[in-house]
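Inspection log for the structure reproduced underneath, given as structure tokens.
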Amino acid sequence: MIVKLRPVTGGDFEVDIDADDTIETLKAIIISTHPELGEDPDDLKLVYKGKLLANGDQTLEAIGFKENEFMALMAKKKPAAAAAAPAAPAAATPTPSPAPAVAPVPAPAPALQAAGGGGLMGAPPEGVVAELCSMGFPRDLVLRALQSAFNNPERAAEYLLEGNIPPPPDAAGVPPQAGAGQAQGVGGSWPGGMLGPQLLTKSGPQPTAQALGSPEVVLIYFSAHWCPPCQRFTPMLARGYSSLPSGQQTVQVVFASSDRSPQQFEEYYGQMPWLALPFGGQQAQMLGGMFGVQGIPSLVALDGRTGQVLTTSARDVVVQNNFDLLAACRAWGKGTAPMPQPVAPPTPVTPAAPPKRPEPAEVEIDKAAAEAALAKVAALELDSQVTFFETILKVLNNILQNPEEAKFRSLKKGNAALQSKLFSHGDNAATELLLLAGFEDTAETIALPGPPDGRCTAVRNALQSPGEAAAMNKLRKERDAKIAEEVEKDKNRPPERSFGGDEKGRHNIGSSRKPRGGG
């Protein structure tokens, strides 16, 4: 029969299983087919019609489950190792610099509203409320649990499953002057309750309130190294952030990573001038679910004093204001106060570099030639495809974002890295695509003779979709390989002890007895 699973956060999926299989078997199948949910079946909690399925030996038939019905699913989250062992932080972050003498103190959190009002972060998303109600819990209990969990759906689900919903935090429950030492992860005061006890700075981890300061707006930036749209968006956001006046207290950015490894995170965060959530913790995933983030790059704007949501579509506002973050803040009614005057004598100010020119508008290119080159790339091994697209997109994006810098416009054919990642693959596909973008081919280099024009934009745009498709196919391949590995492990496990019966160990007691009466 088909069992439909509905995680507290994330999309629904289905599992095919027999009606006389047990809850424990169902959990094992879920773990093997969706390894991102955990490694141990005991990490999963299943809920059917509002009841926690705690007895793993029960069969689906025994609990009255019907074909195509839903079960709610929650994966148990384990604390990150970095949080448990501050002496050995993840990703080998540098030693933090000495803390400033006086750390800014965030404003005390306001009292929560009555049930259904939403509290510190506004009303909970209706979709989250509906998902928790679909687990069989009454709406009033769901709203109470979400209030107590600061709208964190996974924490609220835990409260509901345990049957112990703590009272929602209110003004009396949040001590005044609640600083970094009192911010103890999800469910605490702003900012530590939402962002976690520590943030990464360029000099190492610091307590959240100290690292954040007292900005009027906090932008949570959901992004990842492997995402081509993010690779284009991040440099433009970084330039906007770097152009802010020194010492400004209007806006701060916090990176919430979806990278797949500490190495990717370190490399990507190295391109960013702002703060970050520590890699490997649960905060980024929790915030993504809380704010309903469906794709990246994404920006969520919060009131820096209270944690109230200003907008979950901050990316659109930032782009509309040409990455002028102060202008975006003014659109949200923030950053209107004048900057404080410096006490120290003024020093000569170095003129700011002129802003980069916008990308040239796309023009028509030879689509047949582009498609022929892309067909050559599609014939490559999947790993080579991903490497090819990542490399050529990085080349073109560097040129489009830095049109006056000649160093980006000349590629040496003898460069070992370019040879291994680009030019040695796809039967000259890279050269053909670059020629379509306006490059000229010489004996030693392939170079763009001047600033890029619309051809460069057109080729870059033509590469984006197949590049993203190759990256997703690689992810699926890795997932399928892991499933196959687990299946092979199952085959090699010693057989379970058998006590007779049919192929599933069931006995038909008394079936061979002769009927009474001597027949």
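Count residues from 1 along the sequence. Source: prediction; values computed, not measured.
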Problem - Neighbour count above 12 (heavy atom, 6.0 Å) for E67 CD - result: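 More than 12 within 6.0 Å, yes.
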
First locate atom [atom1] of [X], then atom [atom2] of [Y], and finally report the distance between them rounded to the nearest 0.5 Å.
{"X": "E440", "Y": "S410", "atom1": "CD", "atom2": "OG", "result": "11.0 Å"}
{"X": "R409", "Y": "C456", "atom1": "CZ", "atom2": "SG", "result": "10.5 Å"}
{"X": "M1", "Y": "D21", "atom1": "CE", "atom2": "CG", "result": "9.5 Å"}
{"X": "K4", "Y": "D12", "atom1": "NZ", "atom2": "CG", "result": "8.5 Å"}
{"X": "Q419", "Y": "K412", "atom1": "CD", "atom2": "NZ", "result": "13.5 Å"}
{"X": "L325", "Y": "L219", "atom1": "CG", "atom2": "CG", "result": "6.5 Å"}

Heavy atoms, side chains only, cut-off 4.5 Å: are [X] and [Y] in contact?
{"X": "R260", "Y": "L475", "result": "yes"}
{"X": "L146", "Y": "V129", "result": "yes"}
{"X": "V15", "Y": "I2", "result": "no"}
{"X": "E216", "Y": "C329", "result": "no"}
{"X": "Y241", "Y": "Q252", "result": "yes"}
{"X": "P229", "Y": "P297", "result": "yes"}
{"X": "S223", "Y": "Y268", "result": "yes"}
{"X": "V317", "Y": "L299", "result": "no"}

Practice task
Output yes when K477 and D383 qualify as a salt bridge under the 4.0 Å nitrogen-oxygen rule, no when they do not.
Solution key: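 Salt bridge flag = no for D383 with K477.
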
Practice task
May I ask you to decide whether K376 forms a salt bridge with E432, counting only side-chain N to carboxylate O separations under 4.0 Å?
Solution key: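 A salt bridge links K376 with E432.
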
Do [X] side-chain atoms and [Y] backbone N/O form a donor-acceptor pair below 3.5 Å?
{"X": "D259", "Y": "H225", "result": "yes"}
{"X": "N402", "Y": "E405", "result": "no"}
{"X": "T457", "Y": "P360", "result": "yes"}
{"X": "N428", "Y": "T431", "result": "no"}
{"X": "Q206", "Y": "T201", "result": "no"}
{"X": "N322", "Y": "D324", "result": "no"}
{"X": "T312", "Y": "V300", "result": "no"}
{"X": "N321", "Y": "F323", "result": "no"}
{"X": "S420", "Y": "A416", "result": "yes"}
{"X": "T208", "Y": "P197", "result": "yes"}

Practice task
Measure from NZ or CZ of K202 to the centre of the six-membered ring of Y269 and say whether it is under 6.0 Å with the direction within 45° of the ring axis.
Solution key: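 Here K202 passes the 6.0 Å and 45° test against Y269.
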
Please report the closest heavy-atom contact between [X] and [Y], naming both atoms and the distance.
{"X": "A238", "Y": "Q271", "result": "CB-O, 4.3 Å"}
{"X": "T311", "Y": "W332", "result": "CG2-NE1, 3.4 Å"}
{"X": "L60", "Y": "D18", "result": "CD1-O, 3.8 Å"}
{"X": "V218", "Y": "G304", "result": "CG2-CA, 3.9 Å"}
{"X": "A458", "Y": "V363", "result": "CB-O, 3.3 Å"}
{"X": "P466", "Y": "A462", "result": "CD-O, 3.3 Å"}

Exercise for the section: Could you please spell out the steps behind the side chain to side chain contact (heavy atoms under 4.5 Å, CB included) verdict for K334 and D303? Expected result: CA-CA 9 Å; K334 304 292 182 181; D303 187 308; 2.8 Å; yes

Side-chain donor-acceptor pair present, [X], [Y], cut-off under 3.5 Å:
{"X": "D316", "Y": "S313", "answer": "no"}
{"X": "T442", "Y": "T445", "answer": "yes"}
{"X": "Y48", "Y": "E69", "answer": "yes"}

Practice task
Apply side chain to side chain contact (heavy atoms under 4.5 Å, CB included) to the pair Q401 and R232, showing each step before the final yes or no.
Solution key: CA-CA 9 Å; Q401 293 158 17; R232 298 191 297 275; 4.2 Å; yes

Exercise for the section: List the steps, then state whether side chain to side chain contact (heavy atoms under 4.5 Å, CB included) holds for F222 with I220. Expected result: CA-CA 6 Å; F222 297 89; I220 310 298; 3.6 Å; yes

Quick one: side-chain hydrogen bond (donor to acceptor under 3.5 Å, both in side chains) partners of [X], sequence neighbours excluded?
{"X": "R460", "value": "E359, N397"}
{"X": "D441", "value": "K413"}
{"X": "S242", "value": "none"}

Handout entry: Ring geometry between F233 and Y221 (parallel below 30°, tilted from 30 to 60°, perpendicular above 60°)
Key =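 If you compare the ring of Y221 with that of F233, the planes turn out tilted.
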
Practice task
Evaluate side chain to side chain contact (heavy atoms under 4.5 Å, CB included) for W274 paired with V251, printing each intermediate quantity in order.
Solution key: CA-CA 11 Å; W274 42 69; V251 60; over 6 Å; no

